[in-house]
Amino acid sequence: MSGFSEDMPFFDEPNARPAAPSGIAARAMAARSTQNSAPDYLKGLNPEQRLAVETTEGPVLVLAGAGTGKTRVLTTRIAHILATGRAFPSQILAVTFTNKAAREMKQRIGLLIGEGNVEGMPWLGTFHSIGVKLLRRHAELAGLKSDFTILDTDDVVRLIKQLIQAENLDDKRWPAKQFAQMIDNWKNKGLGPDEIPEGDARSFGNGKGRQLYKAYQERLQTLNTCDFGDLLYHPIRIFRAYPDVLKDYHRKFKYILVDEYQDTNTAQYMWLRLLAQRPNGGRASASADSRSAEGRKPDRASEPLRGPHGGPAPAGAEQPVSVNICCVGDDDQSIYGWRGAEVDNILRFDKDFPGATIIRLERNYRSTAHILGAASHLIAHNEGRFGKTLFTDRDDPEDDKVHVHAAWDSEEEARAVGEAIEAYQRQKHNLNDMAILVRASFQMRAFEDRFITLGLNYRVIGGPRFYERLEIRDALAFFRVVSNSGDDLAFERIVNVPKRGLGEATIRQIHDTARAMQIPMLEAAARLAESDELKPKPRAALREVAANFERWQKALETTPHTELAETILEESGYTDMWKNDRSAEAPGRLENLKELIRSMEEYESLRAFLEHVALVMEAEQGESLDAVSIMTLHSAKGLEFETVFLPGWEEGLFPHQRALDEGGRSGLEEERRLAYVGLTRAKKNLHIWFVSNRLIHGLWQSTIPSRFLDELPETHVDVADGGNSYGGYGNPYGGGAFASGRGGGRQNPYGASRFDNIGAKDQGSFSNTYATPGWQRAQANRTEATDRNWGTRSGHQVERIGYGETDSGYGAGRTSVKGRTIEGELVAKSVADTPSAFKLGDRVFHQKFGNGNIAAIDGNKLTIDFDKAGQKRVLDGFVTSV
DNA sequence: GTTGGCTACATTTTT
DNA sequence: TGTAGCCAAC
């Protein structure tokens, strides 16, 4: 039943501690016992870090502030467990959130313990990759075969769309994408179709939500596939339904480590608890030093699994005891609440794992005292946190304060940031050491434009990835069908690629046949090709397709997979299709296909490769180029840079209006944590910017400085760009003007911000950048540079890490302006319906663009021909009659 | 099967 | 304002 395979030798291991491993570990132990001095790997740890490493038994929560050596603690802890012979590698489970983190840990552990020296590695990976590993072993318990494939989000949406249509629902009214999101949310909470709240079920598809969810799960099963959520959800269900399976894992894993615990969602939490909590008296807790038993409080002990449907722990009435679980995280860096992460998981750790040791890492090795001071002061405005105060011994009077700058609008902001970067560059700073971290991706555009004109190398990180490119998906679809002929979604994607004259009608017919006979579409296609139900042309085409796949599937056993992959792309006519394509992207796509084949070499089989692609969506990129990084604050988590620029600190953008509207106070707190993450990325230099005018949805809006600026402590901040009255530092951090209630209706309740007047000095300088040659060149260049993933223009290089050809939308910003105060006036009303007080041809004045004549009026939106700035659309509230 | 015009929408994103 | 996605028309 348990289906353990050969690489789990521990079943024969004695119950007692394993014999000490060989190699470095043994030497470490020897060194320890003979000289009574710490082994090498412990050297250089501070006392808290060392405590976190050496407290191996019982539940431990390490609250690791930004830059306090979190990864080091985790990896050293693993090394320590191994070196002291507490466990074999295979008895350690280490979970991370991202592949990047997993990779980094693997590397570091390899360095610490010497790769060749230990038999096997710990189970180290992302929740999802470990989920796959588990699920492959017990696939049959989830109604799958062990060679199941993993669908990507695109497939999921297409599948759901089919189901919605099959239910005769209007797929416009009930968007598949939305439902996919709902399913994902449910799975993130560990909810199956029968467990979702009635309200949820009713809210979609004329009350057919539950039915659709069920149909979806059934469909996945017949296709022998999983979605991402299933990788967590199935193991949880298996653990619950088959206690003996779970028990095997209880015996297996003696030590569990979790990275970024603040980001766990409910499902991940359940998964962890199932693995970590075991029946009392079980031998699994034998190694515990009894701390966990002693300190147990009654409250949660009888409630083994929290959550709406957290059934009883498999062990029944026995009191659960947790293993040696060590979670590392930082509640102040929890920024993924919007996708289901529960900060609460970390805040409640000591209740969930009674008797937990909590260790704080507060000594920061990254940033200057000014940066830390600013960050700490800001984050202190949040309630509901463990409370940590980062400190550093560093005390260099040369260190710069945190700079706050004002700019008139986003262009000026980009220009000024560009200048600052060039200034640093002149002081021999590397571009690689600088980063611009934005709240929303639409902000990136201004910087890109500017840097292209300047010829400044930059690198955009984030966005759609390698595997999401059209040609990669197509190629993978071919491979998937070869690997799993039941993968109808992949089949549908490529039956008619390249074009073979198989239109909708034929595909429908294949579909229907497949459904009727309960066979995969590929097989149905093969049968149809042999029948006379089709017209000669599609029939011949199908016959060829079927013959191709049959041949490739046979070849799978005999041909090396890279070779086969190449053959498939050749024989299917796919490569030719792009070779014959004259469009600009075609060569790049062929290049990507080559890259794909090349990357397959590292994997031992086609299946292994497909799994890798499904789980690891990032394209690994060399960073040979010296370039400024531009990315969102979210993707900056975990990174550090010498110099950091944080533009766009304005109300509505940061904190984002939507976070405020939808998340209320907790939304605001998450935004604040995001700000904290941003601040703490900087090692030495930190520059924050805000503008007074921003173009949002094509309209110029006046903005007010972010409340977060007022939350920065005066002592560590230097407000740059002098020359104007900032109204002194009156009411610096406005004592909780917004600390109560959820945002309140009005946006600027702390009116007396010390930043209110900054930027005003620019009034009257109608910098007409649009008309400059520079701007126009930037426009022209932009298209060219962004069309390719790698644009090389006259020595200037642009790198897009993870960006595919779909340059996913710049347009973004704020959805609604309701309730938003602009220059002291509530705009909501005027946006809605108040007709403009102006007439066509009126002469008006605008702060940014100067004088002009009204060319068109659309409600309160005016199109104005400005004398200098050309035609612009602005809200009527921003112009005055002349 | 492609193309153009229309509409809806515009935060963050991993796996 | 920009764009993606969809449908109707060639």
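When distances run from any side-chain atom of A:Lys499 to the nucleotides B:dT15, B:dT2, B:dT11, the shortest one goes to B:dT2. Which of C:dG2, B:dT2, B:dT12 sits closest to the side chain of A:Arg445 comes down to C:dG2. The side chain of A:Lys172 has C:dC7 as its nearest neighbour among B:dA10, C:dC7, B:dT12. Of all nucleotides listed (B:dT11, B:dG1, B:dT12), B:dT11 comes nearest to the side chain of A:Glu662.
Rounded to whole Å, the distance from CE on A:Met444 to C1' on C:dG2 is 17 Å. Atom C1' of nucleotide B:dA10 and atom CZ of A:Arg658 are separated by 8 Å, given to the nearest angstrom. Atom CE of A:Met631 is separated from atom P of B:dT13 by 11 Å (rounded to the nearest Å). Here the C1' atom of nucleotide B:dT7 and the NE2 atom of A:His697 are 16 Å apart, to the nearest Å. At whole-Å resolution of the value, CG in A:Asp230 and P in B:dT15 are 18 Å apart. When rounded to the nearest whole Å, the span between CH2 of A:Trp700 and C1' of C:dG2 equals 15 Å. Between the CD atom of A:Glu671 and the P atom of B:dT12 there is a distance of 11 Å, rounded to whole Å. If you take CG of A:Asn99 and C1' of B:dT15, they are 7 Å apart, rounded to a whole angstrom.
For the P atom pair drawn from B:dT11 and C:dA4, the interatomic distance equals 15 Å after rounding to whole Å. The gap from the C1' atom of B:dT12 to that of C:dG5 amounts to 23 Å, rounded to the nearest Å.
Among the heavy atoms of the strands lying under 4.0 Å from A:Phe228 is at least one base atom, whether or not backbone atoms are also near. A:Ala614 comes within contact range of no nucleotide atom at all, as no heavy-atom separation falls under 4.0 Å. Among the heavy atoms of the strands, none lies under 4.0 Å from A:Glu260.
The phosphate of B:dT15 has neither OP1 nor OP2 within less than 4.0 Å of any side-chain N or O from A:Lys100. The side chain of A:Thr153 places no N or O atom within less than 4.0 Å of a non-bridging phosphate oxygen (OP1 or OP2) of B:dT15. The shortest distance between the side-chain N/O atoms of A:Ser635 and the OP1/OP2 oxygens of B:dT12 is not below 4.0 Å.
Each of A:Gly501 and A:Tyr336 was assigned the nucleotide of DNA chain B with the nearest heavy atom; the assignment lying further toward the 5' end belongs to A:Gly501. Where A:Ser129 and A:Gly698 meet DNA chain B, the nucleotide closest to each residue was compared, and A:Gly698 sits on the side nearer the 5' end.
A:Asp259 and A:Lys70 are joined by a salt bridge, as a carboxylate oxygen and a charged side-chain nitrogen come within less than 4.0 angstrom of each other. Salt-bridge check for A:Glu670 with A:Arg673: passed, with a basic side-chain N closer than 4.0 Å to an acidic carboxylate O.
In this structure, the aromatic ring of A:Trp338 is positioned over the six-membered ring of the base of B:dT12, centres within 5.5 Å and planes within 30°. Where stacking is scored as ring centres under 5.5 Å apart with planes under 30°, A:His656 registers as stacked on the base of B:dT11.
In this structure, A:Glu492 has no salt bridge (Lys or Arg N to Asp or Glu O under 4.0 Å) partners at least two apart in sequence or on a different chain. Taking A:Asp154 as the reference, nothing meets the side chain to side chain donor-acceptor pair (under 3.5 Å) condition, with sequence neighbours excluded.
The salt bridge (charged side-chain N to carboxylate O under 4.0 Å, His left out) test with A:Glu671 singles out one residue from A:Arg707, A:Arg665, A:Arg439, A:Arg658, and that residue is A:Arg439.
Ring to ring, A:Trp338 and A:His634 are close: their centroids are under 6.0 angstrom apart.
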